[in-house]
Amino acid sequence: MGKTVWIGDVQDGLHDEQTVELKGWVKRTRGSNKIRFIVLRDSTGTIQCVGKRDVLGDEAFESLKGALIESSLILSGTILVDERADGGHEMTISNVKIVGSVDPERPFPITESAMAAADGGETEFLLDNRHLYLRTSRMTTMLKLRSSAFGAIHSYFRGQDFIEYQAPNFVAGAVEGGSTLFEVPYFGKKAYLTQSWQLYAEAAMPALERLYTIAPSFRAEKSRTRRHLTEFWHAEMEMAWATNDEIMNHGEGLVRHIARTMLDEHSPELTSLDRDIERLALYADSPYPRMRYDEAIEILQGKGVDVEWGQDLDYSKEKVLTQDFDLPHFLTHYPKIAKPFYHRVDPDDGNYVLCHDLLAPEGYGEIIGGGERTWSEEEILKRIDEEGTPRDPYQFYIDVRSYGGVPHGGFGLGVDRVISWLSGAEHIREVIPFPRDSRRVTP
RNA sequence: GCCGAUUUAGCUUAGCUGGUGGAGCGUGGGACUGUUAAUCCCAAGGUCGUGGGUUCGAGCCCCACAAUCGGCGCCA
């Protein structure tokens, strides 16, 4: 009951003149009462299949007519080269088996009008029917690009001798402020869903030295933007002995490798999304400029933006800053007062921390946040106390520094954001199968 | 948390100054031997988001609520 013939291979000419069995789903049908055209879809492509009444007989022909959109079929027949068919190949059907039929009372709800209304994006209806929208060509393309990006992240880090390492998703404390944690009941106690792998990665840093992960992170932010999810996929790395510059080199290397991999594996798909391949090639091949926070403030003030030194840069300011950029830019050396305790203070100037954000162009915002960590026991205690953060939940984090602390650092990359940016999506929801945000946990 | 908008058939929508809601797609029936979102004819399908109010009369005006969408803060 397996499957041996793939529509993509048929369209590539691997089965010309052969009699084969195609297994797939009906994408569209049309025809008369003598001839029927079935556009059959599988995960690799589509092909037009032609059924004729005088060849099939009345019974098989009528059953073919009854195969509504998204019915699953097994069609047997001969593959012919035919210019009249999309893709250049066509099957002449000799036998029909309907595997899963569709009730005419409840036809497939994702209609042409529903797709046209979304205009390449999304509508409430398509979000409600996400489980069915997944099988349309646009979502299938996004899911393939997504797979490509995940594969690229693994291949980049493994190629650089990083070790994949897993942290728990139930945690006791926060990485960021704390107000954005999801609280979950835990056998009469409170636990939280992790916001980041970082703190647990630092515990393993003295063991593995170079480590990475791809894992979901959870943030209870009521953000309603095209860049935010409450559950997102986080690619993080941690590296012993590393400087801010070295960490940035990896961030740049990783993002360029993702762009290159997506281009190598899916250029036709990117073109089908109207993405400019030349632009992506620029992202894959160019070095990314680096700029200090102070310089960014000067540029913004020069443009008349009301911003003071010491403020974190919110999206409205990022947008102004990046609107003239045609490449991702690193922003480094933020003021200490704008960043949490785990960022290492710059030994050359105590007002700054050794950190970086990578800002994507085209208005996609921040895709990487990282830097060197506060690594001595003395300094971490000082910074935790300065911020008024309780020590208790972080005792294991402090211990890491008490026993042979070393300089180290890392970054976190928002995988969905990168895919959204590289695919040119209107909204981050378009690149994840079942998006979760502050107002939606279904389907 | 703040600001703005939307809600009419399964989907997408039109609906005038308040006077018994039309269409396209899809579905069903019919016609057609090569279609490309096939075409042509016919039919079924609506308590106009929910509740209240104004009015002789509300899809339309007013109030409340709900759901959803967009933007901001925050961040990846």
Side-chain angles (χ1 to χ4, degrees), chain A residues 27-39 46 48-55 61 65-66 68-70 82-87 90 92 102-119 121-129 132 175-180 195-198 214-236 251 255 312-319 338-340 357-360 364-370 411-421 426-429 437-440:
Chain A
K27 184 181 169 69
R28 191 160 289 128
T29 74
R30 49 187 173 260
S32 66
N33 68 353
K34 296 276 172 41
I35 185 166
R36 193 87 201 152
F37 301 93
I38 304 281
V39 179
T46 62
Q48 173 163 285
C49 304
V50 186
K52 295 179 180 175
R53 188 187 286 274
D54 57 6
V55 175
F61 188 82
K65 277 177 77 174
L68 300 185
I69 289 174
E70 289 305 318
D82 194 317
E83 286 181 0
R84 291 173 296 185
D86 249 1
E90 184 175 87
T92 303
V102 171
D103 182 357
E105 297 287 316
R106 294 181 296 116
F108 191 67
I110 315 291
T111 59
E112 289 292 337
S113 58
M115 295 285 284
D119 190 27
E122 291 171 316
T123 59
E124 180 187 342
F125 176 76
L126 292 178
L127 287 166
D128 286 341
N129 289 278
L132 300 176
V175 175
E176 311 292 346
S179 59
T180 62
Q195 295 179 303
S196 169
W197 162 95
Q198 180 195 325
I214 309 177
S217 284
F218 305 90
R219 301 212 177 152
E221 295 162 354
K222 289 187 178 175
S223 308
R224 303 198 45 73
T225 78
R226 66 184 61 174
R227 308 177 303 287
H228 283 86
L229 296 166
T230 52
E231 176 181 347
F232 68 97
W233 285 82
H234 213 170
E236 297 181 85
V255 172
D312 207 355
L313 297 180
D314 60 42
Y315 180 68
S316 64
K317 300 183 180 64
E318 270 180 19
K319 200 159 58 179
K339 292 287 178 183
D357 287 351
L358 182 63
L359 307 182
Y364 285 91
E366 186 179 338
I367 53 176
I368 280 180
F411 67 76
L413 172 143
V415 182
D416 317 277
R417 280 194 184 173
V418 169
I419 298 166
S420 179
W421 163 52
E426 293 285 312
H427 198 294
I428 195 167
R429 278 194 307 243
D437 63 33
S438 61
R439 294 188 195 177
R440 182 179 287 277

Of the candidate nucleotides [options], which contains the atom at the shortest distance from the side chain of [X]?
X	options	answer
A/Ser316	B/rU35, B/rC69, B/rG73	B/rG73
A/Thr123	B/rU12, B/rG73, B/rA76	B/rU12
A/Glu221	B/rC72, B/rA76, B/rG70	B/rA76
A/Arg28	B/rA76, B/rU36, B/rA37	B/rA37
A/Phe125	B/rG10, B/rG1, B/rU33	B/rG10

Could you tell me whether the side chain of A/Asp314 and the main chain of A/Lys317 form a donor-acceptor pair under 3.5 Å?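 Flag set: sc A/Asp314 to bb A/Lys317 pair under 3.5 Å.
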Could you check whether [X] gets within reach of a base, just the sugar-phosphate, or nothing at all, counting any heavy atom under 4.0 Å?
X	value
A/Thr29	sugar-phosphate
A/Glu231	nothing
A/Ile367	sugar-phosphate
A/Asp312	sugar-phosphate
A/Phe232	base

Under 3.5 Å, is there any donor-acceptor pair linking the side chain of [X] to the base of [N]?
X	N	result
A/Glu124	B/rU7	no
A/Glu90	B/rG34	yes
A/Ser223	B/rC75	no

If the cut-off is 4.0 Å, is [X] near the phosphate of [N], judged by side-chain N/O to OP1 or OP2?
X	N	result
A/Lys222	B/rG1	yes
A/Arg30	B/rU35	no
A/Arg224	B/rG70	yes
A/His228	B/rG73	no
A/Arg226	B/rC69	no

Going 5' to 3' through nucleotides 26-32 of chain B, assign each nucleotide B (protein heavy atom under 4.0 Å from a base atom), S (under 4.0 Å only from sugar-phosphate atoms) or - (no protein heavy atom that close). SSS---B
